[in-house]
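To start, the structure itself, in structure tokens.
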Amino acid sequence: LLRPVLLQKIIDGLRNRHFLLYAPPATGITALAQMLCVKLSRVSVIYLQCASIPPRECFDVLLRNGVDLKNGKTTLTSETVFILDHCHAWFGCNEFWNAILKGVDHWFPRYIRFLYIATLLLSKSPLYFSSLRSLRREDFLLSKQESVNVIERIGSKFGDAFAHVLVEEC
């Protein structure tokens with residue numbers, strides 16, 4: 001999908017309190033997150049690079065940014081999106097994930113939302129991730145019909161032999 005289409009899908013997904021963006025490493029997902037920060041210029045965006053923050057500090061880093069997960073309080077008063085990039089770095093902190101994915105729904109204002117970006121979804125991923133609205137690797141790819149249309153166009157332009165080689169090799 002084109003970047004503007006992906007950005008709009010993410011923005012649409014952020015109508016939910018929690019939204020997961022998952023793609024393998026080296027697919028440009030962090031660059032997409034940076035573009036999203038610019039696109040959300042009317043919203044306060046707090047971008048956290050989780051891979052550079054030790055998991056033991058995950059509660060503290062949110063507290064420094066106005067969210068007290070342990071005591072169920074926030075000082076934020078306007079629309080805010082937290083982007084937790086490389087959130088898989090914190091998967092070992094179950095208390096954090098329980099608090100943020102389950103606990104906030106009881107006390108959290110609707111104007112605060114979370115975008116989780118992961119390039120690894122492991123067996124130790126928070127159980128609740130499976131139920132989150134998300135864009136995953138397969139959402140970035142062409143559908144079967146779109147692929148067929150591309151191959152047909154390539155065949156008509158470059159010849160069926162080239163299209164056949166493309167199908168076989170890719």
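A quick note: this is a predicted structure, and the numbers were derived from the prediction, not measured.
Side-chain contact between Leu21 and Tyr116: absent, with no pair of heavy atoms (C-beta onward) separated by less than 4.5 Å. Two residues are said to be in side-chain contact when any heavy atoms from C-beta on lie closer than 4.5 Å; Leu76 and Pro109 fail this criterion. The shortest side-chain heavy-atom distance between Ile112 and Phe82 falls under the 4.5 Å cut-off. Leu115 places none of its side-chain heavy atoms less than 4.5 Å from the side chain of Leu20. In this structure, Leu36 and Leu40 have side chains that are in contact, with non-hydrogen atoms separated by less than 4.5 Å. A 4.5 Å side-chain heavy-atom check between Thr74 and Trp107 finds at least one atom pair inside the cut-off.
Residues in residues 66-77 take part in no salt bridge (charged side-chain N to carboxylate O under 4.0 Å, His left out) pair, two or more places apart or across chains. A ring-ring contact (aromatic ring centres under 6.0 Å, His included) check over residues 61-80, counting only residues at least two apart or in different chains, returns nothing. Contacts classified as salt bridge (charged side-chain N to carboxylate O under 4.0 Å, His left out) and involving residues 14-34 (residues at least two apart or in different chains) are given here: Asp12-Arg15, Arg17-Asp105.
Residues passing the side-chain contact (heavy atoms from CB on, under 4.5 Å) test with Arg113 are Leu14, Glu79, Val81, sequence neighbours excluded. With sequence neighbours excluded, the residues forming a side-chain contact (heavy atoms from CB on, under 4.5 Å) with Asn16 are Arg133, listed by chain and number.
Between His86 and Thr119 the shortest heavy-atom distance is CD2-OG1, 4.0 Å. Scanning all heavy atoms of the two residues, the minimum distance from Ala33 to Ile83 falls at O-CD1, 4.2 Å. Of all non-hydrogen atoms in Ala118 and Tyr22, the two that sit nearest each other are O-CD1, 3.1 Å. Closest non-hydrogen pair, Gln34 versus Tyr47, comes out as NE2-CZ, 3.2 Å. In this structure, Thr80 and Ser78 approach most closely via the heavy-atom pair OG1-O, 2.9 Å. Heavy atoms only, all atoms of each residue included: Leu7 and Met35 are closest at CD1-CE, 3.9 Å.
Under the 30°/60° scheme for interplanar angles, the aromatic rings of Trp97 and Phe91 are found to stand perpendicular.
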Would you give me the side-chain donor-acceptor pairs under 3.5 Å for residues 51-60, sequence neighbours excluded?
from: Ser52; atom 1: OG; to: Gln49; atom 2: O; distance (Å): 2.9

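When ring centroids are compared, Phe108 and Phe114 come within the 6.0 Å threshold.
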